[in-house]
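Input: a single structure, listed below in structure tokens.
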Amino acid sequence: MLEAPENVRSSIRETVSRFIGCKADEVILTHNTTHGIALSLGSINFLPKGSKEVDLILLTNLEHDTVDYCIERIEKKFNVKHLILNLSSNSSTKDIAKDIVSISKERNVKVVILSHVTYNTGQILDVANIIAEVKKELKNKSPLFLIDGAQAVGHIPVNVSALDCDFYAADAHKWLMGPPGSGFLYVKESYLEEHKEYFDFYENYMVAEKYRPRSKSGREREPATMNVGIYVGMKCAIEVILDAQKEMPRLSMYERIKAISEQFRRQVEEKLKPYGARLINHNSTSGIVSLAFIEQQNVEFYNEMREALDKKFRIIGRVLWDPPAIRFCISYLNSEWEANFAVEAMKSFLEEKMPSACKKISEIQELNLLQEKIKKKIEETFAYAKDIVSERQKLAVTRFSKFEDIEESKKMYEQTIKDLDYKKDEYLKKAKSLKSEIDLQELEKEMKEEINKILYGE
Ligand SMILES: Cc1ncc(COP(=O)(O)O)c(C=O)c1O
């Protein structure tokens, strides 16, 4: 027998709540993250147009474009402006919290929007501690916190109650690998209670209210009728992860993602650096790995690469526009082998796309190897010469009995070591201009002669 859609919807909300650590009534089923962000912003009691004061929305420079569009619409409707907090890969939790506090003390900050994991640099923001620090300073004057969890759920452990945020918007079609067009929004119970009337996106409920008093449940902020099918898909996607977690606790899933991503980053640095590859954020500890190529500033190049990786190797990357780059997401289902395979696939694309550049690169690699060899030879030759000097010095100390003789020999010894070091530096500098094995042979001959002069005066 088919279950009543209402019961199905309740069980979906219950599964989501178990997954993100909240009450089922705090969950609103949405189409995607954007929908959740729009619902949250739309529920805030911003100052009306024409007011003397202005409300502020604070967001970081690393938020997804979709947030900008939502804010643009809010700015058209209300007396609202936005301010961008610039984050770098070195921004600490304390610095971020301090900035939010100091801006909030000066201006009327209504809401702060933060990504839990940034979509481009893959930074994991310590949202729990940022919120805790801000609330500690501002107490009940704290702004609301809207967290964009699009790149976090199914990727890192998420417990919205522990974060103590007011809203948490996410979707199922990214890291959860669920159906496109399914997502959820968490809204803190106390906020839902106080702001019942502000979730006014679904007009049908404004009408229905005449007949049915509104409850505080998230259900009342959803459309009357929904395509329950896709949400069943979302529930299944979450259950797959919840089941996997039983075997591999949540933190271990993330640890696995972290380990594979680290391996991927290392391989990129090792194998693609000669092609000009640069990690967008090599400090990242998330499964988001974004990279750009120094000489490739054009999005077209990355589009071509993405297409080739998809068609030839079934590897799905994503193109970032600003700055142009390609991004990969490593899931707990991926393996280190696949990470290595993706690097080899990129290498093969680069060799095909830029044969002349690759030829140049292999020449550069050869030259680098030769210079390493020369450097090693110089170090070894001079280390050997220094050993001879120190042996001679030991002998001299045992042979001389007079204090002046010992002092004299010590001075000579120190001078010889200085001369050798000076010569060694000269050769190391010279090594940079050498280009072939013949150059190395000549250098070896010359070094021996110079060392003999220093050691034996020949
Ligand atoms: C951080 C972040 N927020 C929001 C979105 C928009 O997601 P959705 O398509 O679920 O609205 C994306 C999409 O990639 C994202 O990465």
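We use all heavy atoms of the structure for the numbers below, so side chains are in, but hydrogens, waters and symmetry mates are not. As the structure lists them, so they are numbered: ligands from 1, and atoms in each ligand from 1.
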For F167 and Y191, what are the C-alpha separation, side-chain angles and deciding distance, and is it a ring pair (Phe, Tyr, Trp, His ring centres under 6.0 Å)?
CA-CA 9 Å; F167 312 98; Y191 185 91; 4.8 Å; yes
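- Residue contact check: N32 has heavy atoms under 4.0 Å from atoms 8 (P), 10 (O), 11 (O) of ligand 1.
- Residue D171 has at least one nitrogen or oxygen atom sitting less than 3.5 Å from a nitrogen or oxygen atom of ligand 1, judged on distance alone.
- Summary of contacts: the protein heavy atom closest to atom 11 (O) of ligand 1 is T34 OG1, 2.4 Å.
- Around CD of E426, the count of heavy atoms belonging to other residues, nucleotides or ligands within 6.0 Å exceeds 12.
- Ring geometry for H155 against W175 counts as parallel: the plane angle stays under 30°, on a 0 to 90° scale with 60° as the upper cut.
- Ring geometry, F382 versus Y427: the interplanar angle falls from 30° to 60°, so the pair is classed tilted.
- In terms of protein heavy-atom proximity, atom 13 (C) of ligand 1 is closest to K174 CE, 3.1 Å.
- With salt bridges taken as basic N to acidic carboxylate O contacts below 4.0 Å, one links E352 and K312.
- In this structure, H35 has no heavy atom closer than 4.0 Å to ligand 1.
- Side-chain atoms of K77 never come within 3.5 Å of backbone atoms of K49 as a donor-acceptor pair (strictly under, hydrogens ignored).
- Closest protein heavy atom to atom 15 (C) of ligand 1: H64 CD2, 3.3 Å.
- For atom 16 (O) of ligand 1, the closest non-hydrogen atom on the protein side is Q151 NE2, 2.7 Å.
- At most 12 heavy atoms of other shown residues, nucleotides or ligands fall within 6.0 angstrom of atom CD in E295.
- Counting atoms of ligand 1 from 1 in the listed order, those under 4.0 Å from a heavy atom of Y119 are 1 (C), 16 (O).
- Atom numbering of ligand 1 starts at 1 in the shown order; those under 4.0 Å from a heavy atom of A150 are 1 (C), 2 (C), 3 (N), 4 (C), 15 (C).
- Considering backbone and side-chain atoms alike, D148 places an N or O below 3.5 Å from some N or O of ligand 1.
- When the shell of 6.0 Å around CD of E380 is examined, it contains more than 12 heavy atoms from other residues, nucleotides or ligands.
- Checking only distances, T33 does come within under 3.5 Å of ligand 1, N or O to N or O.
- Here's the thing with S115: none of its N/O atoms is less than 3.5 angstrom from an N/O atom of ligand 1.
- Near H173, meaning under 4.0 Å from any of its heavy atoms, are these atoms of ligand 1: 8 (P), 9 (O), 10 (O).
- Remark: E6 CD is packed, more than 12 non-hydrogen atoms of other residues, nucleotides or ligands lying under 6.0 Å away.
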